[in-house]
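Computed from a prediction, not measured in an experiment: that's the story for all the values here. For ligands, and for the atoms within them, numbers begin at 1 and follow the listed sequence. Reckoned from all heavy atoms, side chains included, excluding hydrogens, waters and symmetry mates.
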Amino acid sequence: MTYRPEDYREPLEQAARAAREWLDSLPSRPVKPREPIDTLSAAMHLPLTEQPTDAAEVVAELARLADPGLMPIGSGRFFGWVMGGTLPAALAADWLVSAWDQNNGLRYATPAAAAIEERAGAWILDLLHLPAASAVGFTTGGTMANFVGLAAGRGAVLRSVGWDVNRDGLTGAPRLTVLAGAEVHSSVLLALRYLGLGEPTMVAADPQGRIRPDALSAALASVDGPCLVVLQAGNLHSGAFDPMRESVRLAHDAGAWVHVDGAFGLWAAASSRWATALDGLDTADSWATDAHKTLNVPYDCGIAVVADPAAVRSAFAAHTSYFVRDDAGAAEPMDLVPELSRRARGIPVWAALRSLGQSGTVALVEGLADNAGALAEGLAALPGVEVLNDVVFTQVSVSFGSDDRTVRVTQALLEDGAVWMSGSHWRGRAVLRISVSNWSTDDTDVAVAVDAVARALAAVTAADRGDPRE
Ligand SMILES: *Cc1c(COP(=O)(O)O)cnc(C)c1O
């Protein structure tokens with residue numbers, strides 16, 4: 001097969017057209033997939049043809065087949081999980097990442113990609129007030145960013161008791177204790193599992209889900225040997241931040257490594273509004289966050305920050321002879337993450353930050369929190385609605401009375417399709433959980449969301465009364 005420039009033209013134009021149609025449909029489209037998976041699978045049940053299909057035709061067909069089953073995650077009325085949308089500059093930059101097809105592992109081999117990611121990393125450290133000499137790695141997401149921080153910590157605390165985990169593994173190693181707040185995110189549990197560290201010892205949390213320093217202090221007192229402490233910046237249900245300065249001090253006094261899971265909440269550090277809530281954040285040893293959540297770059301991109309670059313390089317650097325290094329001193333992109341081959345996913349981060357600027361990034365984060373506050377206020381005014389958390393960031397957890405009622409209101413809301421929000425459980429109760437993480441959510445979206453919840457609530461109330469109109 002021979003390369004001809006025109007081979008790319010039509011498929012790319014088709015893709016741009018389909019992308020624009022999709023994006024243009026977001027403001028008016030119901031916020032749910034139109035068809036369920038079974039219908040889509042049936043429609044897509046095509047055999048792999050014997051003969052090739054024209055590339056432009058493939059793209060057009062793909063867009064047509066996918067459309068009924070796409071979830072409008074980029075809609076300003078999508079409030080499910082913590083997802084984030086896509087800033088225009090980040091999306092366009094992501095297309096370039098695919099066109100450039102750089103395997104960003106080594107600085108000398110893909111210098112532009114490495115340089116852009118290094119700049120993006122420096123901007124992030126500056127914005128979030130993290131130690132300027134930290135290593136920054138771009139991972140697939142928060143789960144792997146947690147994995148990176150905890151892997152660096154595992155190596156460091158074992159090294160401090162004379163054990164080389166890279167050489168000798170965990171078999172026969174000194175027992176390593178992991179302490180985590182009771183509301184630790186499940187991805188941290190996964191990362192610990194990948195690391196062979198098993199389940200952490202849970203430390204009691206307060207009613208907002210924040211780790212309790214008194215309980216942490218007691219837990220640390222009974223630890224004998226190497227220890228990792230996992231803190232959280234941004235609780236999924238309350239948005240709350242663990243008390244950083246005191247927790248880190250207690251952990252460091254006990255010789256522990258402190259990792260902070262800030263998948264969506266770490267971005268609060270960009271704004272002085274959360275300076276008190278996050279006081280002491282910079283004293284931890286490693287931090288994980290996502291760019292595909294609060295920063296609104298397309299999937300996927302997580303960010304792993306480790307204060308001591310040697311600790312993360314020790315965990316991930318592969319000293320194989322075919323990886324020619326241009327400079328013995330500088331960390332290679334592949335030294336900072338689990339992957340060797342990978343997409344230059346830090347480039348959309350660069351584009352997002354460059355397009356927002358410092359003030360735009362702060363405004364983005366504060367705007368999400370403002371919208372969450374407005375939503376909570378609107379919902380609290382509805383009959384029988386209880387906002388269960390102190391709304392301190394982007395998350396709102398709501399009950400409609402009994403668990404049964406809350407589940408039914410959530411179902412009615414999702415069927416309605418004006419907005420999308422997640423059902424969840426928090427502190428023993430069914431909740432409707434709202435996450436404001438899309439850059440484009442505005443006052444109208446907030447009003448539409450409150451109206452949609454009011455409609456769902458009214459429908460369930462009417463059904464409970466046996467109202468024949470429902
Ligand atoms: C989303 C999330 C994670 C996991 O991040 P992924 O990008 O989904 O891997 C970890 N911690 C918290 C608090 C999260 O919200």
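The line from CG of L236 to OG of S422 is 8.5 Å long, rounded to the nearest 0.5 Å.
In the vicinity of G141, heavy-atom distances shorter than 4.0 Å reach the ligand 1 atoms 7 (O), 9 (O). Residue-ligand proximity, D290 to ligand 1, at heavy-atom distances under 4.0 Å covers atoms 5 (O), 6 (P), 7 (O). Within ligand 1, the atoms closer than 4.0 Å to a non-hydrogen atom of L236 are 15 (O), numbered from 1 in the order shown. Using a 4.0 Å cut-off to heavy atoms of G142, the atoms of ligand 1 that qualify are 5 (O), 6 (P), 7 (O), 9 (O).
Proximity of M144 to ligand 1, defined as any heavy-atom pair under 4.0 Å, is not found for any part of the residue. By the criterion of a heavy-atom distance under 4.0 Å, the side chain of F264, and not its backbone, is placed next to ligand 1. Under 4.0 Å from ligand 1, not a single heavy atom of V188 appears.
Nearest protein neighbour of atom 11 (N) of ligand 1, counting heavy atoms only, is D261 OD2, 2.7 Å. With hydrogens left out, the protein atom closest to atom 10 (C) of ligand 1 is S187 OG, 2.9 Å, a heavy atom.
Ion pairing of E118 with R107 is present here, as a side-chain N (NZ or NE/NH1/NH2) and a carboxylate O approach within less than 4.0 Å.
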| request: Run the numbers on R343 and D94 for salt bridge (charged side-chain N to carboxylate O under 4.0 Å, His left out), then give the verdict. | output: CA-CA 10 Å; R343 168 182 194 76; D94 198 60; 3.0 Å; yes
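Aromatic pair W420/W81: ring centres closer than 6.0 Å.
Distances from atom 2 (C) of ligand 1 to the heavy atoms of K293, H292, H185, Q232 show the closest one on K293. Summarising the contacts of atom 9 (O) of ligand 1 with T143, N146, T140, the nearest heavy atom is found in T143.
With hydrogens and angles disregarded, no donor-acceptor distance shorter than 3.5 Å links the side chain of N146 to the backbone of T143. Put simply, the side chain of W274 never gets that close to the backbone of D279: no donor and acceptor are under 3.5 Å apart. In this structure a side-chain-to-backbone donor-acceptor pair under 3.5 Å is present from D206 to Q208. Panel note: side chain R405, backbone L457; no donor-acceptor pair is recorded below 3.5 Å.
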